[in-house]
2 protein chains.
Amino acid sequence: MAKRPTTIPDSELDVLKVLWDRGQATVREVLETLREAGRQWSYATVATLLDRLETKGVITSDRSELAFVYRPVVSSQEVRQKRVSNLVDKLYQGEPGLLVLHLLKAHPLDAKQAKEVRAVLEEMTGDKKKRSGEPSGQE
Amino acid sequence: MAKRPTTIPDSELDVLKVLWDRGQATVREVLETLREAGRQWSYATVATLLDRLETKGVITSDRSELAFVYRPVVSSQEVRQKRVSNLVDKLYQGEPGLLVLHLLKAHPLDAKQAKEVRAVLEEMTGDKKKRSGEPSGQE
DNA sequence: CGTATCCTAAGACAACTGTCTCATAACGTC
DNA sequence: GACGTTATGAGACAGTTGTCTTAGGATACG
C-alpha cells in the first residue's frame, strides 16, 4: 500500500515552529519556550514530538553533546506551501483566487498589508511578462 | 480532559463534499459519485465515513426510507472558515494578510479574479465606514 | 564515592483515521 | 414464501496522534 505522504500534525507543528524561530534547540529549550507560550506539556511529550519529527525527516539532531540539539531540515515555507496547497485543493477547487477572496472578505487587512497586496497585484497585472523563474519569495 | 474539537479528516471531507454538491444522498449515491471521481472505496467505507460524520453532528440522516438519506448540517462556508482560521493561526501568526500575500506571490490570479480582489480592496480601504451589517459573503 | 539531576530509550495507552469483513434484516419478484 | 439484492450494524485492525510513565545511563559536585 502506498506510503501516506509525510504529514505534520498540529502538536508537532508547535514544536517545529520553535525550531524555526530559534534555529535550533534542545528538548528542554523547546519545552521552556512552549511553557512561556502557554503549552503545558511534559518533557517527555516534547521529546516524543521531536523524535517523531526526526523520524519523518523534518528535523535532524546533533547528538555530540549530552542533550541532543535539534534543527529543522525543512523550511516553514515548504510546510506552509504544502498546507496551503492542500487546503486549496480540498476546499477551494484548486483555485487559490477563491481563497484569497474568502480571506479578504472575512478579515479586513490593515492599511499596510492592503498596500502590499495592491503592490503585488499591480506587478501581476501590469507587468505581464512571466517571471516564472522567481525564486519563491522571501518574506 | 477537554474534548478535542470536532475535526473533519480528509476522507470524511471527500464524502461531505459530495453532500454539499448534491444537497443530499444515500450511501450508494455518494459511493457512485466518488467512484466517478476516482475514489475506489468499498460501500462499507463510505457508510462508515457517513456514520462518523453524523456522530460528529456534521450531517443528519433521514431514516424513513430503506436507504438512509444523508444531508449536510454545516455549510462548506463554515468548514472552510474553520480550516482557514486554523491555518492562519498555526502558520501565519494569526495574520490573514500574510497568507494572502503568500498566495498571490505563489499563484498569479487570472484577470477576472484579480479584478475582483481589487474591488474588494477598494471597498476595504476607500470606503472606511464599517459596513459590518454586510450579510457574510455569498459566492 | 554517593546521590541528586538531567538526558534519552522504550513503550504504554486511549482516541482518531483509513478501510474493510461479516452478519443479518428488509425488499422485490416470481 | 424462497431467493437474490441491497441496506444497515457491529466491529476488526493497523497506523497516527496526543500525552505520559518508567527505567536506566551520564553528569555534577560535595
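Just so it is clear, the structure is predicted and the values come from calculations on it, not from any experiment. Numbers restart at 1 for each chain; the letters A, B, ... are given by sequence-line order, proteins then strands.
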| Nearest of dT21(D), dC20(C), dG18(D) to any side-chain atom of S42(B)? | dC20(C)
| request: Consider the side chain of R28(A), meaning its heavy atoms from C-beta on, and name the nucleotide among dC6(C), dC20(D), dT17(D) that approaches it most closely. | output: dC6(C)
| Nearest-Å distance, CG (D10(B)) to C1' (dT17(D))? | 15 Å
| message | Whether R39(A) and D14(A) form a salt bridge (side-chain N of Lys/Arg under 4.0 Å from carboxylate O of Asp/Glu) is what I want to check. | response | yes
| request: To the nearest Å, give me how far apart OH (Y43(B)) and P (dT6(D)) are. | output: 10 Å
| request: Take atom CG of L50(B) and atom C1' of dA7(D), then tell me their distance rounded to the nearest Å. | output: 13 Å
| When you check the phosphate oxygens OP1 and OP2 of dT17(C), does a side-chain N or O of K56(B) lie under 4.0 Å from one of them? | yes
| note | D62(A) CG to dT8(C) P, in whole Å, measures 12 Å
| About how many Å separate CD of E54(B) and OH of Y70(B), when rounded to the nearest 0.5 Å? | 5.5 Å
| query | So what does F68(A) touch, heavy atoms closer than 4.0 Å: a base, only the sugar-phosphate, or nothing? | reply | sugar-phosphate
| field | Whole-Å distance separating the CZ atom of R52(A) from the P atom of dA9(C) | value | 14 Å
| field | Under-4.0 Å salt bridge between E123(B) and K105(A) | value | no
| task | Please state how far atom CZ in R63(A) lies from atom C1' in dA9(C), giving the value in whole angstrom units. | result | 10 Å
| task | Please confirm whether any donor atom in the side chain of T48(A) sits under 3.5 Å from an acceptor in the base of dC20(D), or the reverse. | result | yes
| For atom CG of L66(A) and atom P of dT8(C), their distance in whole Å | 7 Å
| query | Less than 4.5 Å apart, any side-chain heavy atom of V15(A) and any of W41(A)? | reply | yes
| Quick one: is dG18(C) close enough that its OP1 or OP2 comes under 4.0 Å of any side-chain N or O from T45(B)? | no
| said: Heavy atoms only, 4.0 Å cut-off, all strands: where does A67(B) land among base, sugar-phosphate and nothing? | reply: sugar-phosphate
| request: Please figure out whether I8(A) or Q40(A) has its closest DNA chain D nucleotide nearer the 5' end. | output: I8(A)
| task | Tell me what S11(B) touches on the nucleic acid: a base, only sugar-phosphate, or nothing, going by heavy atoms under 4.0 Å. | result | sugar-phosphate
| Integer-rounded Å distance: dC16(C) C1' and D51(B) CG | 15 Å
| hbond_proxy T7(B) side chain to dC16(C) base (donor-acceptor, 3.5 Å cutoff) | no
| remark: The reported gap from NZ in K17(B) to NZ in K90(A) (rounded to nearest 0.5 angstrom) is 6.0 Å
